[in-house]
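All remarks here apply to the structure that follows.
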Amino acid sequence: MPPIAFEPLADDAWLLRLGERIDDTLNAQVHALVARLRRQPPQWLRDVVPAYASLAVFFDAQAIDAEAALDWLHAQWHSRQGGDDDAVGDACLVEIPVAYGGDYGPDLEPSAAELGLSPLQLIQRHAGAQYRVAMIGFAPGFPYLSGLDPGLALPRLNTPRTAVAAGSVAIGGAQTGIYPRPGPGGWRLLGRTPLNLFDATRTAPTLLMPGDRVRFVPIDADAFERLRAQAAWP
């Protein structure tokens, strides 16, 4: 069992820190713990928010004091037995269609050249992996995806773009992710999905949730425009 630190985050929140690094195994342990806390939640538990190596636990401070909430968290941690299986069993697999290259992914060709690959090889390797949503952050609905082939890691741009199109699929360092809304960004843009990753008017605003599994599916420009027209964009 990895070490864990329980740190006060606010009057109504504790931070459970399992480590300090980006690591797939560590992140799986975070999601296993999230699954355990959510399995039979007490009424005072308001939310559990995972990150790469930690999770924030928010509670109703009117219903329980911080020390009692901490005692419950300690008990949940020490009683866990299933390991990563707690998180894997209920994870959804979401297929994300992506039009790679061209105007959809202006960094595809230079990135492939930098890696010593052809654009097609980069597409095949990027789309050939299965990823896990390690966390949602940076912007509402932005999924940080673990599981990138280490051979595809790329440094961020020296000068970030001031505008990145919504749905852009990108690599930044050893991670891949998807920009849910237009905005600035410094990751390498390989392609773009026509799916709407975040819509505040939906019952579930984010298309992807922490712990979900993701597979990219290459599509052509015609399929992109057809799916784009069908997507529920605000």
Side-chain angles (χ1 to χ4, degrees), residues 50 90-115 117-149 152-154 156-157 160-234:
D90 297 330
C92 296
L93 174 61
V94 183
E95 292 191 340
I96 303 292
V98 180
Y100 284 92
D103 291 337
Y104 301 112
D107 295 326
L108 177 69
E109 291 193 10
S111 295
E114 187 171 331
L115 294 169
L117 302 172
S118 70
L120 179 58
Q121 287 173 323
L122 177 50
I123 293 170
Q124 290 173 335
R125 288 176 63 174
H126 185 260
Q130 188 175 118
Y131 303 91
R132 181 193 295 274
V133 181
M135 59 176 285
I136 301 293
F138 170 62
F142 186 105
Y144 286 85
L145 304 178
S146 63
L148 180 70
D149 180 342
L152 301 185
L154 288 161
R156 293 165 175 77
L157 299 174
R161 292 181 171 89
T162 57
V164 173
S168 292
V169 176
I171 289 176
Q175 305 169 89
T176 190
I178 310 170
Y179 288 85
R181 310 298 294 164
W187 289 23
R188 307 289 190 97
L189 307 183
L190 302 187
R192 190 178 173 203
T193 180
L195 302 186
N196 185 4
L197 267 70
F198 181 80
D199 182 353
T201 66
R202 294 189 303 219
T203 302
T206 59
L207 176 66
L208 299 173
M209 297 295 293
D212 284 350
R213 293 173 294 140
V214 171
R215 179 182 295 127
F216 294 116
V217 179
I219 59 173
D220 60 20
D222 289 341
F224 178 95
E225 297 303 332
R226 183 174 65 255
L227 292 171
R228 174 71 172 79
Q230 297 171 0
W233 288 81

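Numbers here simply count residues along the sequence, with the first being 1.
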Query raised in the report: Is there a donor-acceptor pair closer than 3.5 Å between any side-chain N or O of Thr193 and the backbone N or O of Pro97?
Result: yes
Requested in this report: Measure the shortest side-chain to side-chain distance between Met209 and Val133 over non-hydrogen atoms and say whether it is less than 4.5 angstrom.
Outcome: no
In residues 117-125, what donor-acceptor pairs under 3.5 Å come from side-chain atoms, sequence neighbours left out?
from, atom 1, to, atom 2, distance (Å)
Ser118, OG, Gln121, N, 3.1
Ser118, OG, Gln121, OE1, 3.4
Gln121, OE1, Ser118, N, 2.9
Arg125, NE, Asp149, OD2, 3.2
Arg125, NH2, Asp149, OD2, 2.9

Query raised in the report: If every non-hydrogen atom of Pro180 is compared with every non-hydrogen atom of Ala166, which pair is closest and at what distance?
Result: O-CB, 3.6 Å
Requested in this report: Report yes if the side chains of Leu189 and Ser168 come closer than 4.5 Å at any heavy-atom pair, otherwise no.
Outcome: yes
Query raised in the report: Could you go step by step and tell me if Arg132 and Asp212 meet the side chain to side chain contact (heavy atoms under 4.5 Å, CB included) rule?
Result: CA-CA 6 Å; Arg132 181 193 295 274; Asp212 284 350; over 6 Å; no
Query raised in the report: Is there a donor-acceptor pair under 3.5 Å between the side chain of Ser111 and the backbone N or O of Leu108?
Result: no
Report task. Answer yes or no: is there a side-chain heavy-atom contact under 4.5 Å between Arg181 and Leu197? Result -> no
Query raised in the report: With a 4.5 Å heavy-atom cut-off, do Pro50 and Pro210 have their side chains touching?
Result: yes
**Report entry** Any Pro194 side-chain heavy atom under 4.5 Å of Ile219 side chain
**Finding:** yes
Query raised in the report: Which distance, rounded to the nearest 0.5 Å, do you find between the OG1 of Thr176 and the CG of Leu190?
Result: 6.5 Å
Query raised in the report: Below 4.5 Å, heavy atoms only, C-beta onward: do Arg188 and Arg156 meet side chain to side chain?
Result: no
Requested in this report: Evaluate the criterion side chain to side chain contact (heavy atoms under 4.5 Å, CB included) for residue pair Arg213 and Tyr131; output intermediate values, then yes/no.
Outcome: CA-CA 5 Å; Arg213 293 173 294 140; Tyr131 303 91; over 6 Å; no
Query raised in the report: Under the ring pair (Phe, Tyr, Trp, His ring centres under 6.0 Å) test, which residues partner Phe224, sequence neighbours left out?
Result: Tyr104
Report task. To the nearest 0.5 Å, tell me how far Glu225 CD sits from Asp220 CG. Result -> 10.0 Å
Requested in this report: Could you check Leu195 against Ile96 for side chain to side chain contact (heavy atoms under 4.5 Å, CB included), going step by step and ending with a plain yes or no?
Outcome: CA-CA 7 Å; Leu195 302 186; Ile96 303 292; 3.9 Å; yes
**Report entry** ring pair (Phe, Tyr, Trp, His ring centres under 6.0 Å) partners for Tyr179, two or more places apart
**Finding:** Phe142
**Report entry** CA sep, side-chain torsions, deciding dist, call: Val98, Val217, side chain to side chain contact (heavy atoms under 4.5 Å, CB included)
**Finding:** CA-CA 6 Å; Val98 180; Val217 179; over 6 Å; no
Report task. Mark yes or no for whether Ser146, through its side chain, and Ala134, through its backbone, hold a donor-acceptor pair below 3.5 Å. Result -> no
Requested in this report: Decide yes or no for Leu154 and Leu115: does some side-chain heavy atom of the first lie under 4.5 Å from some side-chain heavy atom of the second?
Outcome: yes
Report task. Drop me the distance from Ile136's CD1 to Phe198's CZ, to the nearest 0.5 angstrom. Result -> 10.0 Å
Query - Non-hydrogen side-chain atoms of Trp187 and Gln175 separated by less than 4.5 Å - result: yes
Query raised in the report: How would you list all residue pairs meeting salt bridge (charged side-chain N to carboxylate O under 4.0 Å, His left out) that involve residues 97-109, not counting sequence neighbours?
Result: Asp107-Arg161
Report summary line: Contacts satisfying salt bridge (charged side-chain N to carboxylate O under 4.0 Å, His left out) that involve residues 163-176 (not counting sequence neighbours) are none
Query raised in the report: Listed by chain and number, what are the ring pair (Phe, Tyr, Trp, His ring centres under 6.0 Å) partners of Tyr100, not counting sequence neighbours?
Result: His126
